Structure formats: C-alpha cells, structure tokens
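Given the structure is predicted, the values throughout are model-derived calculations rather than measurements.
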Amino acid sequence: MGERSAGLEHHRKNLDVSLLVGPHAHIALERLAAEALTTQEFARAHKYADRRIRVSPPPAAHCFVLRAEAAWRLGLTEAALSDLARARLVDPYDVGANRRMLAWAADERRLGAAAQLICREGNLAILRAAIAELRRAGGRHWAACSVFDNHVTGWVAWTNALFVEVSLATEDGTLTSILEPNPFHALASADVQATTFLVRRPPSTTAQIVTLRCGEDVVQVRRVAPNLTSTMNLRAARDPSIGIGPNVDLPTVIVPVYADARATIECFESLDKARRPQGTGKDAFQVLAIDDASPEVELQRHLSELATKRKIRLLVNPVNLGFVGAINRALNEIQRGDVVLLNSDTLVPPGFVDRLADVAYSAPNIGTVTPLSNNGDIFSFPTPNDVNPMQRYDEIVAIDHVASATNAGKAIDVASGIGFCLYITRACLDSVGELSDKFDRGYLEDIDLCLRARTNGFRNVCAPSVYVGHHGSKSFQEEKRGLVLRNLSFLDQRFPDYREECRAFEIADPLRPARAALERALPWPAEPSVLVLAGERTCPAVTDARIRHLRLHGERTVLLSRDNNVLHLRAADGGLPQTMRLRFDAEANLASSGDILRRLSPMRIEILEPNPPPRLIELIRCLDVPIDRWLVSESIGEIGSLPSCTTPLFVPSKMAEAYAQSRWPDRKIVLHDWPTCFLTLPPISANDKSLVIVPSTPTLASMRMIKALADRLWGREPSLPIVIAGATCGDDRLMSRPNIFVTGAITADELGNVLRPHNPGWILTDFEQPVFGHPLVETARQATRPVAYRDWSGGALKPRKGDLAISAIANAAALADLVVDWVARS
C-alpha cells in the first residue's frame, strides 16, 4: 500500500484538518476547492466542493460553480451542467455560472446564460460570444448600464438602425440624446454597431427612468432610485386629471398591470364579481389600475374599456416604472381610505375586502392584513412555503367560503405581510409612507413596508378566513430568484433580525391550526389511498423510498407519521391533508381519529413502524381494510403476535427475506423487491484507493463503529483514507481525524458522482442494525467493488466473489478487525 500513500501523506502534511471542522469549516472547504482547481487536482477539488455544498450555511451560487468546474475537468459533463443550473437557480445573475453555461452547454441553456451576461460581463470576448448567441436567436440590440448618483453610463450594440436614442425621465421632464455608432468600439463589427453613453442625472427626490430605444424597439428600460433623500408626503397634490368620484373613503384596490393579458383580465373579472356583496347595490371598494406601459395591445384595450364603463379608475404610465413606481404613483393619487395592494395574477373571492377590513379593525393597532393563498410563502395553503396548484375561480370561491366560516374572526400575528394581496389601513399608510425606492423591481418592498409599520407600532396579521388564488411570478419568472437575492441584502441592512425571525416562525408555524381547521372542513379527494404508517424508529429514507415506489405505480399515498400519541397526516401528492394531527391516547380521540382516517378512502394500510402502540393497531384494524406489515428494520414483539397463517410479512429485499425466515420460520413471507438505483463507478485506479463507508442511519452506535475501524486502520494502514458517504451524528468529530473524510448527507442517485473522485477500492455498508429497503444501502451493496456488510441472513445468502459477509453478532472491535484484514488481503 506504500505506493498509494503519497497523495494522503502530501495532503496530511499540507493541511491542518482542524480547518475542516467548526463554524468556519465552510470557508476552508471553499478555499481548498479553489486551490485544488488552481493546482489541477480536480478530484480533490470536487471532494471539498461537494462537502461544502452539503454543510451549513446553505451554499451560495459560487459553491456549485466550484463543483461544476471540478466535475467538468473530471469528464462528468452532465453533473457539471446540472451544478451550473443549480447555481443559476440560487443566483441567476452569477457571472461564473453563466460564463461556463455559455461555454459548455449545447442547448437552449446557452441562451439564458448569454442574456444574463449582457448586463454583467466585463470580458469583451465573452460579451461578443453572448451577443453572437443572442443574434442566432433573433436578437437585434443589446445594452448594459451602470447607475451612479450623478450619472448613468454604459454601452449599447445594435444591428437594425442608424442610431440609438437614450432618454432620462425626471420629475421635471425628459432629457433625450442621440447616440451615433462608434466604429472603433470593441463590440463593433462589420454587421454590429456599438457605442458607449453617459447621461448626467439631475438631483431628484423621486425615481428616474432611463430608456434606450433602437428605432421603434425599446432596448432597455431602467428605473433608478432617487439620488436625494425623499421628503415626499402621501398627501401631496393629486393629479387633477384623475376623477375621484363620491366614494373617497371606500377602500381602494390598487392593481399594477404590465403583461399576461389572460391572467390580468381574469383578475379584473373576479374583482368585478367581488365589488358588490349579494343583496346590496353599493360598491364595497374602488379599483385603481395602473397600466405600467404594458406592451400588450389586448391588455391596454381591455383596461381602457373598463375605465370607460367606470368599473375602474385608470392611470397610464408613459414608460414602465416598475412595481414600486407604479404603486407609489397610485398611492399619491389616493389621499383617503384604506388600500389593498393586489397582484394582477390573482383571483379574488366575493366579499374579500370587507372581510380583510373586519380583521384589520378587530384591534386598534393592526396595520396590515394578508389572506391565505395557494401561492403566498408562509400564507400558502395547504402546504406553507410552497407553490400549491392554482385552482379555477369556482374552486377558489369554494375554499374561501369554507375559510370564512371555519376561521371567522381570527387574526394571527406574522412578522410581515406579502403584497400579492395586502390590506393596509389608512393610519398605517400615513405612518409609513410609500414603498421604498431602494429595492430593485418587484420583490421585498412589501416586506420592507410591513416591517417599517411594525417599527411604528402596527401589527401585521394573517386573516385565515380569506383565501385568494395567486398564479405567482407571472411578471418576472426566471428573474425572481435573482431579484429576491439582490433585494435581500438591502433588507438585511435595515432589519438584520428578519431572516432569523422567519426561520423561527416556520418552526413554530402559528398558522398551522388555522390551516388544519380549513383542511378538516374542506372535502378531501375521493380517490382511494394507501396509508403508510411510520414512527420515530422508522428510517426516514426507507419511508420516503416506499412512498416514491407507490407513487410511481400510480397509487395515491398518505403518510401517517407517529410522534408519541399523535399522528401527522401528509398526502404525498401535495393535496389534502397536509397539516392534520390526530390523537389516539383516549377513547374519544380514537373514535374521532378513525372517522378522519376513513375520509381518506383507504384501500390498504402499510405498516413500516417496527412496534406501533396497541391503541394505534386497534385504530387501524377498525378501518377494516387490508394491512400489509413490512419488515424494514429489526422488529420484535408485535410481529410475533400476528397470526402466522393468515397475516403475511412483506419484505423489500432478499436479505430481508432471509432474515425474516430465520427469525419466524412459520410465517408466510412475501418478497417485493423495491427498485434500486444503479451505481456507476469508473474503473478502479491502483493507487490512492479509499475505503468507503455508507452508513444507514446517523446514530451514536454507527459512529462508534466507524471510530473503531478508523483506529484499527490508522494503526495498520495509516495511508488509507476513509470516506464516509452520508451523514453522521458527529461529522466534525470524525473529520478532525487525519484519515477520515465525510461527504455529508447524500441520496442514492448521487452516490456514483460523489464517490468517483475518491477512487473507492472497497465499500462497507449495512453494518449497524438491520435496515432493509434503505436506498443508499441497497445501491451500495450492488457496487462494482468489493462490498463488506453484516450477513443478516445467517449464511443463507452466498456473498459475491470478493465481498465480505460479516457475522450479525460481531461486535465493533471484531467487525473492525475483519474489515482491516479484508482490505489488507486485497
């Protein structure tokens, strides 16, 4: 083994392993990955970058770029492109990710990368490549600009006009300049014209708009923040061209409009239906729409028709002001009455404004109110912080009707509301003023307003008695993530504790009882379902694997997750139920829980938990449906009490089958092999091989076995690295040892790519307590490498050539000795 020791010895001499543990380990991992790329040690770079992605804090885009670069150099093309895609999900603007995607991809992903690079790339060669890619897709003009307090500067390139016009719209008028092409510009060529520009900015307390036009085409519109501190009062003089009408104290629903004609028209139709409550001839609210220079003729025409029929008041922006500019213009037109900020991609139910107002005035210090929605982050129903499917209008009205009865009068405090539908009282609005101009367009300005309101003594609450449908991200789509990230940095400066407060809110989940009450009152899908029972001792990976298999076979699945005497219900398809909790610790609770479980239309129950409590077994048997008892872990007690002739025991693998037959020879055993990921590993290299350990569960017992093995190997083969593929309950303690590297949590389909740079020579898995059907373990057992494992079959299954079947009763020391001898013989 002396030849393969050189790499590890060099690594040990040049790396203080203490850097890889503790609160700053993520920084060291990033640095080590970058250094390894510089020295062209690509396997080592991949190892460090991969672990960085799997540990806290959550990885930034550049972490995925590091791993992508290493993967690309190792020939892992698809893995590299996948990491670039993940980097762009984290931050669509990341220059490193977009540069590589433009250079490496061979499909439409190049186009998206090229578009992002146009505004952010400083390398002229890469800019020319991006322009060429966009030209192939039909593009005719491109521009980038940088904003400063005193000026805006940038470049523009084009193919279809003699010159370009640049204008700056200010509160005092519009300044316009004509840009002549510069044949000597670095981006100019035989068929592309280009030039630079600089526009002076006069001092202003309002936002300014920079517009670049190429002939009839708008090249770019950029809204820039004021360069003077604003002293604007919301009670400033009103535009005399806007008719107010007699209902000045009615709440006003403000709807900024830009694109997506179909969704916007449906939104205004729902507003029209909601305007007059049944039995009254009076409007409950006014509607003020802002056409923010919409490019869609159909949308412009529809808004004009609504305004002519006096169904809405309409403001038309000559240039696009963005969400903040449009809302602030509207706010300055409304001097009295409460307001509702409403996205144009929503559908609202009848009476929604009145009910939001009832909640707003249920206490004197409430400033903002936000309803539930299918797509509203923490306000999402049924699954919070998720995009639940958008329903039809009649379905939204039906859910809202149930919510109005189930959660009537409830006001639940939240850190901030969200502007998809945000009711703001006049007192709150007069206190906080308009939306901040400091944010980039479209995201977090509403959060900022709510947090300022809270600072001024107002409460932000949720009204779970109101439900509004929301398509979400219709305006920006792929840009959303980048805009949120950009604006978060500014929000952090103003409210540094907000993110931590959000995390605490998600853990406490004060909206859960209201969602659960709504779930209970709504009709559930009539489709028959399979109920999967798992408990505290059931391995989550095994449970997830079984649910995935059932869904692949088209079966609707509901997980019953037991925590002491409580069952948590969660439909795997994202439908109802999601937040229901049932108790079975008393007779009354038992009967009620049974009624709720029957609503799921169970056709079968699969029990994965080793030893469910007797009361729970009683509850399940009362459902009078088939019960499949699965053996997925070491199990005693309840299995032995089942009738041996009539109740089969289901097993997910041949090892589980042999284990069951050895323990319960009289019981009927039914084998259903669960699907297993195929593990692809490259041909093994003779030097610098590693021993890979794939643990099933992160337990103390597992860690003790790993430490015992590491100690034995360190004494006998100190040059042999150990790689733990997965999570442990003490990553830092293990990583502090010179011969251990821990990848962090992985999934079965990642195992091949994660192990490849480590040159696995041997694999040890399934060495703790029996866990059958574990996707990582079952995948590792089929590797094209020698595999060591505990033989739960008692010798009934013959090991493959080169594999090591270890006695099930061997203790940690004996197991370590057997594995060390096995490795030494190879």
- Check: Pro698 main-chain N/O paired with Thr728 side-chain donor or acceptor under 3.5 Å: no

- Message: Is there a side-chain contact between Arg120 and Tyr93 in this structure, where contact means two heavy atoms from C-beta onward sitting under 4.5 Å apart?
- Response: yes

- Taking only Lys NZ, Arg NE, NH1 and NH2, and the carboxylate oxygens of Asp or Glu, determine whether Glu750 and Arg54 approach each other closer than 4.0 Å. yes

- Determine whether Thr195 and Pro181 make a side-chain contact, defined as any pair of heavy atoms from C-beta on separated by less than 4.5 Å. no

- Judged by atom type as modelled, is there a donor-acceptor pair below 3.5 Å linking the side chain of Gln220 to the main-chain atoms of Ala143? yes

- Message: Going by the rule side chain to side chain contact (heavy atoms under 4.5 Å, CB included), which residues pair with Thr676 if we only count those two or more places apart in sequence or in a different chain?
- Response: Glu778, Thr779, Gln782

- Query: Do NZ/NE/NH1/NH2 and the carboxylate oxygens of Arg73 and Glu69 come within less than 4.0 Å?
  - Reply: yes

- Note on the structure: Shortest non-hydrogen pair, Ser696 vs Val777, comes out as CB-CG2, 3.7 Å

- Query: In terms of heavy-atom contacts, does CD of Glu216 have more than 12 from other residues, nucleotides or ligands at under 6.0 Å?
  - Reply: no

- Query: Does Arg51 reach the main-chain N or O of Val742 with its side chain, forming a donor-acceptor pair under 3.5 Å?
  - Reply: yes

- Paired with His470, the side chain to side chain donor-acceptor pair (under 3.5 Å) test is passed by just one of Asn388, Thr346, Asp345, namely Asp345

- Query: salt bridge (Lys or Arg N to Asp or Glu O under 4.0 Å) with Asp50: which of Arg67, Arg44, Arg756?
  - Reply: Arg67

- Rounded to the nearest 0.5 Å, how far apart are CG of Leu66 and CG of Asp83? 10.0 Å

- Message: Quick one about Ser189 and Asp191 (side-chain donor to acceptor, distance below 3.5 Å, no hydrogens or angles considered), yes or no?
- Response: yes

- Message: My understanding is that only residues two or more places apart in sequence, or in another chain, count here; which of them pass side chain to side chain contact (heavy atoms under 4.5 Å, CB included) with Ala45?
- Response: Ala36, Leu37, Ala70

- Can you find a heavy atom in the side chain of Thr211 that is under 4.5 Å from one in the side chain of Val166? no

- Item | Asp94 with Arg100: basic N within carboxylate O range, under 4.0 Å | no

- Message: For Met390 versus Asn374, what's the shortest heavy-atom pair and its separation?
- Response: CA-ND2, 3.5 Å

- Under the side chain to side chain contact (heavy atoms under 4.5 Å, CB included) test, residues paired with Thr159 that sit two or more places apart: Arg135, Arg140, Trp142, Val192

- Side chain Ser690, main chain Ile722, donor-acceptor under 3.5 Å: no

- Message: Given 3.5 Å as the limit, does a donor-acceptor pair link the side chain of Arg551 with the main chain of Thr557, or not?
- Response: no

- Query: Are a donor atom and an acceptor atom from the side chains of Thr747 and Asp749 found within less than 3.5 Å of each other?
  - Reply: yes

- Using modelled atom types only, decide if a donor and an acceptor are shared between the side chain of Thr765 and the backbone of Arg781 within a distance under 3.5 Å. no

- Return the orientation label for the Phe741 and Tyr48 ring planes: parallel under 30°, perpendicular over 60°, tilted otherwise. perpendicular

- Side-chain contact, heavy-atom cut-off 4.5 Å: Arg222 with Val152? no

- Verify, without hydrogens or angle tests, whether Ser294 (side chain) and Glu296 (backbone) share a donor-acceptor contact under 3.5 angstrom. yes

- Query: Testing Leu198, Val199, Leu168 for side-chain contact (heavy atoms from CB on, under 4.5 Å) with His151, which one passes?
  - Reply: Leu198

- Using 30° and 60° as the class limits, which term best fits the ring planes of Trp674 and His549: parallel, tilted or perpendicular? perpendicular

- Got Glu165 and Leu179 here, is their nearest side-chain heavy-atom distance under 4.5 Å? no

- Message: Could you check whether any side-chain heavy atom of Glu506 comes within less than 4.5 Å of a side-chain heavy atom of Asn385, counting everything from C-beta outward?
- Response: yes

- For Glu121, the option from Leu124, Ile118, Asn123 that meets side-chain contact (heavy atoms from CB on, under 4.5 Å): Asn123

- Output yes when Arg136 and Glu133 qualify as a salt bridge under the 4.0 Å nitrogen-oxygen rule, no when they do not. yes

- Message: My understanding is that only one of Gln116, Arg110, Arg88, Arg109 makes a side chain to side chain donor-acceptor pair (under 3.5 Å) with Asn98; could you say which?
- Response: Arg88

- Is there a side chain to side chain contact (heavy atoms under 4.5 Å, CB included) between Val692 and Val694 once you walk through the steps? CA-CA 6 Å; Val692 172; Val694 183; 3.9 Å; yes

- Taking atom types as modelled and ignoring hydrogens, do the side chains of Asp292 and Asn317 form a donor-acceptor contact shorter than 3.5 angstrom? yes

- Mark yes or no for whether Arg128, through its side chain, and Ala186, through its backbone, hold a donor-acceptor pair below 3.5 Å. yes

- His185 side chain to Leu187 backbone, donor-acceptor under 3.5 Å: yes

